[in-house]
Structure formats: structure tokens, C-alpha cells
Amino acid sequence: MDIKGKKTEEVFISEADQYLFAQGTHYDIYKKLGAHPSVQDGKKGMFFGVWAPNAASVHVIGTFNGWDESAAPMEKLGPGGIYALFIPGVSTGELYKFLITTPSGEKLYKADPFANSAEMRPGTASRTVDISDFKWSDELWLKEREGKDYNKEPLAIYECHIGSWMRHPRPEEKGFYNYREFADRIVEYLKEMKYTHIELMGIAEYPFDGSWGYQVTGYYAPTSRYGEPKDFMYLVNKLHKNKIGVILDWVPAHFATDAHGLGRFDGECIFEDPDPRKGEHPDWGTKIFNYGKTEVKNFLIANALFWIKEYHIDGIRVDAVASMLYLDYGKQDGQWVANKYGGNKNLEAIEFFKHLNSVVLGTYPGFITIAEESTAWPKVTGPVEDDGLGFSFKWNMGWMHDFCEYMKLDPYFRKDNHYAMTFAMSYNDSENYILPLSHDEVVHLKCSMVNKMPGYKVDKYANLRCGYTYMFGHAGKKLLCMGQDFAQEREWSEEREIDWFLLGEDLNKGMHEYVKELLKLYRKYPCLYELDNSWAGFEWLNCDDKERSTYSFFRKSTTGKNNLLFVINMTPVKWEKYKLGVPAKKKYKLLLNSTEERFGGCGEVIPKEITAKKEYVDYRDYSITFDLPPYAALVFVF
């Protein structure tokens, strides 16, 4: 028994373990490969396992043996290329690497692909740790999650990069709040704003801050920038206890080329394809996983399950899905190899996604997988049995592009691009969509959301309030990058915290309050989320008013009660006696007016309640009439 009363079990790798890993179906392989506390012959220590099929020999080197390259030779267990070794006396907190000697005598010093913890960068060693005895208290959350169908639930995601959300004032902390300190601060913020989920960027260990976590070296280790694995467990546990879900950015598309990482791991390309036309991204300078190799697929699928089982994660947003599906993605002629049918589809990646989603979603109801897929690939969220990829949701990158391009326009030219904003509804029922305004839209000289907007400063904020209202009214779940909910004016950078000081400015404070009201509205009214992927939940009132650049539509609930009417004026012109055809002779109660002074608006007054009259407008028998203020977004309930 250890000092906490937990019995340490013997860890070993059986022939069955080796067989299942070679078949690509050992979903608990992370409990065998890597470094794990173990006991043998009554002695406690650490069990090490690694897959290195082309190695001539493998040694474990670390702080526990003075990095002696001959002290700890590993045993090759079988033809599959797995090596193992138990070292008595090794405890947690030790640094280690695998010294792999190739048949030609080359020595490679590799971090553990299955390590549960890593040395703080710029160090590159793995670290021994025990992640098995954290005291979770989120059973109620997990039980309730099993019964959720998120197609019919509110999903309002706050995209967050921990290191730049808020910087630590103490210099000895290297600028970072740890996971526990962050937990205490972020929970308060998310509860105040009414987000349902947080999506965390850059959690799996990575060497270069500027990659934002999208070039990974340690797929099984929460980055040490913000603390230890159990600190990350504390963060997830606290979020769950406060009814906030946790989504991780997950990067199976490519990996970092750093010498201690997965590339040429045993002297040969075992994680990537040896042909650079298949195994490298020329634009990104990264390696591509070999999805046709069973052990590689096992490594990745087991990794997704690892985050679910060991860290209680609620969803994964899969990065760069398009780059996996197309063999020629980002490549010129001569830089890629066609599939066996002569096409550009990556058949192995397609099978990988089907396998991943079948296993993960079939085992964990209520878990969600999200594809960042930027093309018109069919059935991304379609069922696997109908030749779909099986994802829960797809980022609607088309909507995002059209939205940003339209909102950047001078209002004079918006009438000529009117249908850019309505186009997404023409294909809305083809997938289960999330509408993303992510970090990718506010970096690399693309401007922050508010500085994409045209006009003087006050116009920019008024435009953005209209844009966000359109987003929250439109069919599809919602994602907003941190800082954009209070109209951060600078682009996002991983090197500094978001500009919290702007909350002292009236316009930013008003925007913050306005987004909070949108989120409250979204959470309160089921018509905004329960029929997202069906025309049964959305209806245009007037999508053709391009001369005035106005949009009007309503969202419908399954019960027919508490439907919401949206009216948005995308110009600085006041439309007096604006008439709008409505679906019924009812009273339309004003819920939200973006021009209120508390939001930074001009203070235009709209009647709190408008009764429809018998008058044929917009092909409807009833209408309402009111003065529509410039740059106004109005929401009515009926």
C-alpha cells in the first residue's frame, strides 16, 4: 500500500496486449505503454513500455540512474516491437527519456510518446507521475451527460487559451496561472456570462508557445506550463461541478518535428509515412500521421479515450480535418500521391474517422466530437452506417467566412452582397453545425472582431452588436473566442493576456453586457437551439430586403410557444414606419434592443409591445410597424 492507502498493482504487457495493439484495437494501451507505478516481487518502482519496432536496443535513462546510457536496457517482448522494463525504486517526479539505438548505431534520445507528464519547456524530457488516485466529485454531471442529445441542447462555447486569458502578476510564475488558479477565475466568469462549455486550446504537451498547442509532442500529457496532471483534473472537476462542459482541441492531423518527438522515432518513420509526399505538410513544417498503420490508429483513438476516461473531458474539437481528408491539401503537383483509385481522397483517414467516432460516441453517450472541416465534404456529421464520418458537429466555416466578409463591408456596399448572409441557411440541414468565431479569425492581420467593422468607433461597436445578434439568432450552435465578447480591439496574441482593462471603457462594458444578454436569451429560449438543423426551427420573414440591408426571421420551438422574432438593420440609416409581415395576430414583446444606452447604443426607444394588425405585408396576412433605428438589432417574443 502507498502512503495514501492505494494499493500499487503490478503492470505488465501480455501477449494479448501486444496482439491487440498490433490489430489497432487496444483502447487501454496507454495503461501499458509509457511509465506507470508498479510492484514486482514486493518491490515498488516504475514500469516502462515503448513501441520501437526497428530499434537495435532501447534503454531507459533518467535522473534516477544519472542518465547512464547502459544502466537500464529494456527487453524486447515479441515481434511487434514493444520493449518493457521494470525499474525498482523509481518514484514519481523523475525525468526520463528512451535512448533508442538504431541498427546503424545512431543514438536517438526520445521523449515517451505515452508519457503522462513532461518537463517544462525548454526541457524535453518526460516525467514519471501517478494519475490514478485523483478524487473526482463530478458523478452527477457525467450521469446527466449520458442522457443529453446536444443537437437539442444549448451549446454556447467559450474558446480559451489558458496562458493568454489572464497573466499571472508574480514573475516567478513565468506569466502563467496554474490550472487550479485558472479554474477559480474562469468558473466565475463562465457562470456570469452563461456559457455552457469551454473549449481549451493547447492542452496536450507542445514545445513552442507560438504553435498555440497545434504542434504536439506529448499527446498523453497536459502541458506542464500550467501545472501537474492532477491540477488539470481539478480544473475539469470544478468546471463540471459548476455545470460547465469541457472540450479539448485535439490534433490528429499532424505532429511536431522536434528531435525528441514522434518523428523517425526509432530511426524509421513509424508514426508518419516515410514518403514525404504522404508524411509531411510542406506549408506547416510538420509530419502527417500514417492512418493506414494499425498501431498509429490505435495510438490516436486510445488517446481520445484517454482524455475521456482519465480526465472526464466532454468533447473534442478535431483540428484541421480537411487536411486529413484530402491527400493534396496544401500541396502542389508532385508533392502528393493519389489513392489506389487515382483520386485525392485519403481513404485511410476516412476509415480512421469512422473508427474513431464509432468507438468514442458508441461508448460514451453525450460526448461530442467536432470537426473543423473547411470544405463541402459530404456527411461529416452523417452516420457511419450511411457512409458518413460520424462526427457530432461540424464547424460551419462557410458561414464564418461569409459573415466576416459581409460585416467588413461599408454599409453602402452591403446591398450588393446581401445574400452572403442568407446563403448558409440554404445548406443548414445538411450537417449539424456550430457557428465559429474563433481565434483563427482574430490573428495574422485579420483584425479583432470589432476592428473588422466599418465606420467610426461607435459605428464599429453598433455593427458588432448587430452581427452577434445575427449569429445568436441564426441556426447552429455558437462558439466565440475569448476577448471578443467584450470587443477586444487588438488581435489575439499568445504572448499577452486579453485586454481586460477595456472593461473600464463604456463601449466595451456595453458590449460585454450585450453578449451576456444574448447568452441568457440563448439559454432561456429552447427555440434557439432545439431545432437547429431543421427548417422546422427557422423561418425567414424577409430575407430579400437588400435595398435597406435588413434581415428578419423567427426561430420556432417544438411547442409553438415562446418563438423569437429577430429584426436587424445593417445600415446607419433609420427606417421610419418600418413594416414587417408576421406569422400571427399576436402581441410581440420586445426582449432585446441593441441600441439601448447601457449597451453603448444611441438610446432609440422601441415600443415594449407591438400588436400585429390585419395587413398583407411580406406575403403574410398580418404585420407590425415601428421605427427601426440605425444599426439596430431587435428581438421580440411571441
Side-chain angles (χ1 to χ4, degrees), residues 156-169 177 182 184-201 244 400 403-404 407-408 435-443 446-473 478-523 568 592-603 631-633 635:
I157 303 168
Y158 184 73
E159 187 192 40
C160 184
H161 177 267
I162 293 178
S164 58
W165 184 72
M166 191 175 286
R167 303 291 277 191
H168 205 295
Y177 281 104
F182 172 73
D184 298 335
R185 290 157 178 79
I186 195 65
V187 162
E188 180 181 350
Y189 185 78
L190 296 174
K191 287 179 68 177
E192 174 196 356
M193 294 298 292
K194 304 299 182 185
Y195 288 99
T196 66
H197 288 68
I198 185 170
E199 181 180 312
L200 294 171
M201 297 167 56
I244 300 164
M400 176 278 296
F403 175 87
C404 289
M407 294 303 299
K408 287 191 294 186
L435 308 182
L437 294 176
S438 74
H439 68 278
D440 279 328
E441 279 61 75
V442 293
V443 292
K446 295 177 186 175
C447 297
S448 65
M449 288 308 301
V450 74
N451 275 329
K452 293 184 196 297
M453 305 296 118
Y456 295 110
K457 185 170 184 176
V458 68
D459 296 326
K460 291 178 180 290
Y461 282 77
N463 265 282
L464 190 56
R465 290 194 297 273
C466 288
Y468 283 162
T469 310
Y470 190 86
M471 174 189 185
F472 274 83
K478 323 300 177 189
L479 179 141
L480 199 56
C481 177
M482 64 181 194
Q484 307 314 309
D485 55 8
F486 61 78
Q488 162 124 354
E489 295 185 347
R490 291 190 292 178
E491 289 187 337
W492 170 69
S493 169
E494 83 282 353
E495 296 181 350
R496 60 175 184 262
E497 73 174 20
I498 56 177
D499 293 338
W500 294 108
F501 61 85
L502 287 175
L503 287 174
E505 301 294 326
D506 288 342
L507 284 171
N508 300 91
K509 184 178 179 182
M511 182 66 72
H512 201 227
E513 187 65 25
Y514 190 70
V515 173
K516 188 190 304 183
E517 289 296 319
L518 285 172
L519 285 160
K520 285 168 62 178
L521 209 67
Y522 178 69
R523 297 282 295 270
I568 303 170
L592 191 62
N593 174 7
S594 71
T595 69
E596 286 187 40
E597 290 182 356
R598 67 187 175 114
F599 301 137
C602 57
Y631 289 138
V635 184

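Values in this document were obtained by computation on a predicted structure and should not be read as measured data.
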Kindly give the heavy-atom pair with the smallest separation between [X] and [Y], and that separation in Å.
X    : Y    : value
R523 : K194 : NH1-O, 2.8 Å
A633 : S594 : N-OG, 2.8 Å
G603 : E597 : CA-CG, 3.6 Å
A487 : Y461 : CB-CE2, 3.4 Å
I198 : I186 : CD1-CG1, 3.7 Å
R167 : Y177 : O-CE1, 3.4 Å

Check whether [X] reaches the backbone of [Y] with its side chain - one donor and one acceptor, N or O, closer than 3.5 Å.
X    : Y    : value
T196 : A156 : yes
S164 : E494 : no
E159 : E199 : no
E491 : C447 : yes
N593 : T595 : yes
K478 : M471 : yes
R465 : Y514 : no
N463 : M453 : no

Passing candidate, side-chain contact (heavy atoms from CB on, under 4.5 Å) with Y189, options K191, M193, R185: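 Exactly one candidate clears the test, M193.
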Sole residue of I157, V515, L435 in side-chain contact (heavy atoms from CB on, under 4.5 Å) with L480: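 Answer to the side-chain contact (heavy atoms from CB on, under 4.5 Å) test with L480 among I157, V515, L435: V515.
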Quick one: are the ring centres of W165 and W500 less than 6.0 Å apart?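 For W165 and W500, the ring centres are under 6.0 Å apart.
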Looking at side-chain heavy atoms only, is the closest gap between [X] and [Y] below 4.5 Å?
X    : Y    : value
L437 : C481 : no
R496 : R490 : yes
F599 : D506 : no

Apply the test side-chain contact (heavy atoms from CB on, under 4.5 Å) to residues M407 and Y470: give CA-CA distance (whole Å), side-chain angles for both, the deciding distance (0.1 Å), then the verdict. CA-CA 11 Å; M407 294 303 299; Y470 190 86; over 6 Å; no
Output, in order, the C-alpha distance, side-chain angles, deciding distance and verdict of side-chain contact (heavy atoms from CB on, under 4.5 Å) for K509 and R598. CA-CA 9 Å; K509 184 178 179 182; R598 67 187 175 114; over 6 Å; no
[atom1] of [X] to [atom2] of [Y]: how many Å apart, nearest 0.5 Å?
X    : Y    : atom1 : atom2 : result
L502 : F486 : CG    : CZ    : 6.0 Å
M166 : C160 : CE    : SG    : 9.5 Å
D440 : M400 : CG    : CE    : 7.5 Å
K446 : N451 : NZ    : CG    : 15.5 Å
Q484 : S448 : CD    : OG    : 5.5 Å
H512 : E505 : NE2   : CD    : 14.5 Å

Does either side chain, that of D485 or that of Y195, offer a donor lying less than 3.5 Å from an acceptor on the other one?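 Yes, Y195 and D485 have a side-chain donor paired with an acceptor closer than 3.5 Å.
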Would you say CD of E188 has more than 12 non-hydrogen atoms from neighbouring residues, nucleotides or ligands within 6.0 angstrom?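 For E188, atom CD is not crowded (no more than 12 foreign heavy atoms under 6.0 Å).
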Over 12 foreign heavy atoms within 6.0 Å of OH, Y456: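 Not more than 12 within 6.0 Å, no.
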Any pair counted as salt bridge (Lys or Arg N to Asp or Glu O under 4.0 Å), so long as it reaches residues 447-463, sequence neighbours left out: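 Those involving residues 447-463 are K457-E489.
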Step by step, would you call M511 with L464 a side-chain contact (heavy atoms from CB on, under 4.5 Å)? CA-CA 9 Å; M511 182 66 72; L464 190 56; 3.7 Å; yes
Which is it for W492 and H161 under the side-chain contact (heavy atoms from CB on, under 4.5 Å) test, yes or no, and what are the steps along the way? CA-CA 10 Å; W492 170 69; H161 177 267; 3.7 Å; yes
For the pair K516 and E192, find out whether any cationic side-chain nitrogen is under 4.0 Å from an anionic carboxylate oxygen.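 Salt bridge flag = yes for E192 with K516.
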